[in-house]
Amino acid sequence: MFRHSWRSAIVVVAAMASVCSAQSLREEAENADLLIGTAVRPSQLSETAYASTLARQYNMVEPEDALKWWVLRPDRATYDFRQGDKVVRFAEAHGMKVRGHCLVWDHYHPDWLAQGHFTTKQLTRLLHEHITRVMKHYAGQVFAWDVINEALDENGSVRNSIWYNQPGIGLSRQGTAYIEQVFRWAHKADPRALLFYNEAEGEGLNRKSDAIYAMVKDFRRRRVPIDGVGLQMHVPNLDTDVPAITANIARLTALGVQVHITELDVSLPVDSNGLVHAEDLTRQAEVYRGIVRACLNSAGCTAIQTWGFTDKYSWIGSHSHGARGQALPFDRAYQPKAAYRAVLEELSAGRPPAH
Ligand code: 9MR
């Protein structure tokens, strides 16, 4: 009896030691000189499993919504920093960096802004003031900002928006001139922050990524203050063209800017019981592996971030009306999936030796 309980104690201690010494994404990423992050929702930080997984596995966070106009600006006169501050406090307590998202977007504006019928002069003041006030509030706390999000359409043309041409901030029909203007304001507001252009569906080689490349090349040549490109990487299918992503990262970093993978998730079709095919989880892991490898193989790719980390909380379910899901590295019970193990393995393998 005595011997038996000793044996069980040894088993328990061994199991605990293996959990404690098991690698985390964060440890492996730090060895590879990479930031590994996730979008977070401040309301979940009080959930123990959410907070402990987050702090153990990641060294970077980005508020998923807390820094958008519709949260920060309930009315024209108010800046409500409470949710963003909560994320920053969590990050500081756990030695994590904070990415900011996003200062300029043409979607999800509060009604007072979307329906305000503001003049060009008013919009110019509003946007300049917003960028300045928000960036100054988080100066020294947010190290990198998505200054502008999704400003180009699938043909690579500048999207219609209140900031561009409806009626815009005075630079309509001048292509990327208004984007340049917001980068200049952002640099003035916090000269130490890294400034990113963030975009969807421009990860591989297509008209949109060609347009991003041309814009960044032009901005670099004329010393417009841009430090990086965020490739969102919401992957909706399992036959992702990883070589095209690798080539796009290579041409962008050759311009001297960083690349961050900013919103990675790989969604799967789910049945009416919320279940996926087992083989899809294996293929999903390989997509994650390929994307992480594409980043690690480029010294200028300095961060990989997923759009959430647990299948319990993801935009995919509501966005697809339940048709897709299970897009993230941890399942709904915070257990690591095959995708997690693939990411961990690639991070452990690290970057190729410099040549
Ligand atoms: O995941 C975000 C969701 O919670 C919000 O309702 C939505 C609108 O603000 O934005 C989602 O995040 C988007 C991100 O900000 C930009 N790229 C696409 C993301 C998914 O739609």
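A donor-acceptor distance shorter than 3.5 angstrom exists from the side chain of His94 to the backbone of Phe90, with no hydrogens or angles considered. The main-chain N or O of Ala151 is found under 3.5 Å from a side-chain atom of Tyr197 such that the two form a donor-acceptor pair. The closest donor-acceptor contact from the side chain of Gln284 to the backbone of Val266 lies under 3.5 Å. Distance alone, capped at 3.5 Å, places no donor-acceptor pair between the Ser298 side chain and the Cys295 backbone. Without hydrogens or angle criteria, Glu203 side chain to Met233 main chain gives a donor-acceptor distance under 3.5 Å. Side chain of Glu199 to main chain of Ile212: no donor-acceptor pair is present (N/O by atom type, distance under 3.5 Å, no hydrogens or angles). The main-chain N or O of Ile169 is never found under 3.5 Å from a side-chain atom of Gln181 such that the two would form a donor-acceptor pair. Remark: side-chain polar atoms of Thr38 are paired, donor with acceptor, to backbone N or O of Gly308 under 3.5 angstrom. A distance-only check finds a donor-acceptor pair linking the side chain of Asp153 to the backbone of Asn155 [under 3.5 Å]. No donor-acceptor pair closer than 3.5 Å links the side chain of Arg26 to the backbone N or O of Arg56.
Dense packing is recorded around NZ of Lys86, with more than 12 heavy atoms of other residues, nucleotides or ligands lying under 6.0 Å away. Counted within 6.0 Å of CG on Asn237, heavy atoms from surrounding residues, nucleotides or ligands total more than 12; the atom is thus considered enclosed. Atom CZ of Arg125 sits in a sparse spot, with 12 or fewer heavy atoms from other residues, nucleotides or ligands closer than 6.0 Å. Around atom CZ of Arg332, no more than 12 heavy atoms belonging to other residues, nucleotides or ligands sit under 6.0 Å away. The number of heavy atoms from other shown groups lying within 6.0 Å of CZ (Arg223) does not exceed 12.
Across all non-hydrogen atoms, the minimal contact from Gln305 to Thr262 is NE2-O, 2.8 Å. Contact between Arg159 and Tyr164 at its shortest, heavy atoms only, is O-CD2, 3.3 Å. In this structure, Asn297 and Pro352 approach most closely via the heavy-atom pair OD1-CD, 3.5 Å. Across all non-hydrogen atoms, the minimal contact from Gly350 to Leu296 is O-CD1, 3.9 Å. Here the closest heavy-atom approach between residue Ala303 and residue Met60 is recorded as CB-CE, 3.9 Å. Across all non-hydrogen atoms, the minimal contact from Cys301 to Ile249 is CB-CG2, 4.2 Å.
Side-chain atoms of Leu238 and Leu268, non-hydrogen and from C-beta on, do get closer than 4.5 Å to each other. Contact of the Gln326 side chain with the Asp280 side chain is not registered, since no non-hydrogen atoms from C-beta on lie closer than 4.5 Å. Arg221 has its side chain within reach of Asp218: a pair of non-hydrogen atoms, C-beta onward, lies under 4.5 Å apart. Looking at Leu344 and Gln23, their side chains come closer than 4.5 Å, going by heavy atoms from C-beta outward. Residues Tyr334 and Lys312 have side chains in contact (heavy-atom distance under 4.5 Å, counting atoms from C-beta outward). Put simply, the side chain of Asp75 does not reach to within 4.5 Å of the side chain of Pro110, judged on heavy atoms. No side-chain heavy atom of Lys337 sits under 4.5 Å from any side-chain heavy atom of Tyr288. Considering only heavy atoms from C-beta on, Asp190 stays 4.5 Å or farther from Tyr138 through its side chain.
Cluster partners of Trp315 are Trp307, Ile316, counting Ile, Leu, Val, Met, Phe, Trp and Tyr whose side-chain heavy atoms approach within less than 4.5 Å, directly or via other members.
Just one of Pro336, Ser24, Ser52, Pro329 meets the side chain to side chain contact (heavy atoms under 4.5 Å, CB included) condition when paired with Gln57; it is Ser24. When the options Ile148, Leu126, Val182 are evaluated for a side chain to side chain contact (heavy atoms under 4.5 Å, CB included) with Ile131, the one that passes is Val182.
Atoms NZ and CZ, on Lys188 and Arg184 in that order, are 11.5 Å from each other to the nearest 0.5 Å. To the nearest 0.5 Å, the span separating CG on Leu195 from CD on Gln258 amounts to 11.0 Å. Taking NE2 from His130 and CE from Met135, the interatomic distance works out to 10.5 Å, rounded to the nearest 0.5 Å. Rounding to the nearest 0.5 angstrom, the gap separating the CG atom in Asp265 from the OG1 atom in Thr306 is 8.0 Å. Taken from OG1 in Thr120 to CD in Gln122, the straight-line distance is 9.5 Å, to the nearest 0.5 Å. One distance of note links CD of Glu27 with CG of Asn59; it measures 10.5 Å at 0.5 Å rounding.
Checked for salt-bridge contact, Arg341 and Glu345 miss the test: no charged N lies under 4.0 Å from a carboxylate O. Taking a cutoff of 4.0 Å between a charged side-chain nitrogen and a carboxylate oxygen, Asp146 and Lys68 do not qualify as a salt bridge.
Of the N and O atoms on the side chains of Gln232 and Asn149, at least one donor lies less than 3.5 Å from an acceptor on the other residue. A donor-acceptor contact closer than 3.5 angstrom is absent between the side chains of Asn206 and Glu201.
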Please determine whether ring-ring contact (aromatic ring centres under 6.0 Å, His included) holds for the pair Phe196 and His260, giving the CA-CA distance in whole Å, both sets of side-chain angles, and the decisive distance to 0.1 Å. CA-CA 9 Å; Phe196 279 71; His260 285 180; 4.2 Å; yes
Does the pair Phe143 and Leu35 meet the rule for a side chain to side chain contact (heavy atoms under 4.5 Å, CB included), with working shown? CA-CA 12 Å; Phe143 83 106; Leu35 292 166; 3.6 Å; yes
Determine, step by step, whether Glu92 and Arg89 satisfy the salt bridge (charged side-chain N to carboxylate O under 4.0 Å, His left out) criterion, reporting the C-alpha distance in whole Å, the side-chain angles of both residues, the deciding distance to 0.1 Å, and the verdict. CA-CA 5 Å; Glu92 283 176 350; Arg89 277 198 300 276; over 6 Å; no
List the steps and the verdict of side chain to side chain contact (heavy atoms under 4.5 Å, CB included) for Met96 and Leu54. CA-CA 10 Å; Met96 304 162 117; Leu54 180 60; 4.0 Å; yes
Yes or no on side chain to side chain contact (heavy atoms under 4.5 Å, CB included) for Arg173 and Asn165, after CA distance, side-chain angles and deciding distance? CA-CA 7 Å; Arg173 291 195 297 277; Asn165 57 353; 5.9 Å; no
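Grouping the Ile, Leu, Val, Met, Phe, Trp and Tyr side chains by contacts below 4.5 angstrom, directly or via other members, places Val104 apart from Val71. Leu231 and Leu194 fall into different hydrophobic clusters, where Ile, Leu, Val, Met, Phe, Trp and Tyr side chains are chained together by heavy-atom contacts under 4.5 Å. Under a hydrophobic clustering in which Ile, Leu, Val, Met, Phe, Trp and Tyr are joined whenever their side-chain heavy atoms come within less than 4.5 Å, directly or via other members, Leu113 and Tyr178 fall into the same cluster. Note on Tyr313: it clusters hydrophobically with Leu67, by side-chain heavy-atom contacts below 4.5 Å among ILVMFWY residues. Note on Val235: it does not cluster hydrophobically with Val242, by side-chain heavy-atom contacts below 4.5 Å among ILVMFWY residues.
For an aromatic pair to be called close, the ring centres must be under 6.0 Å apart, and Tyr340 with Phe309 fails this. Here the two rings, on Trp69 and Trp163, have centers that are under 6.0 Å apart.
Relative orientation of the Trp105 and Tyr108 rings is tilted, given thresholds of 30° and 60° on the angle between their planes. Taking the six-membered ring for Trp and thresholds of 30 and 60 degrees, Phe219 and Phe183 have ring planes more than 60 degrees apart, a perpendicular arrangement.
Judged by the 6.0 Å distance and 45° axis criteria, Arg73 is positioned over the aromatic ring of Tyr79.
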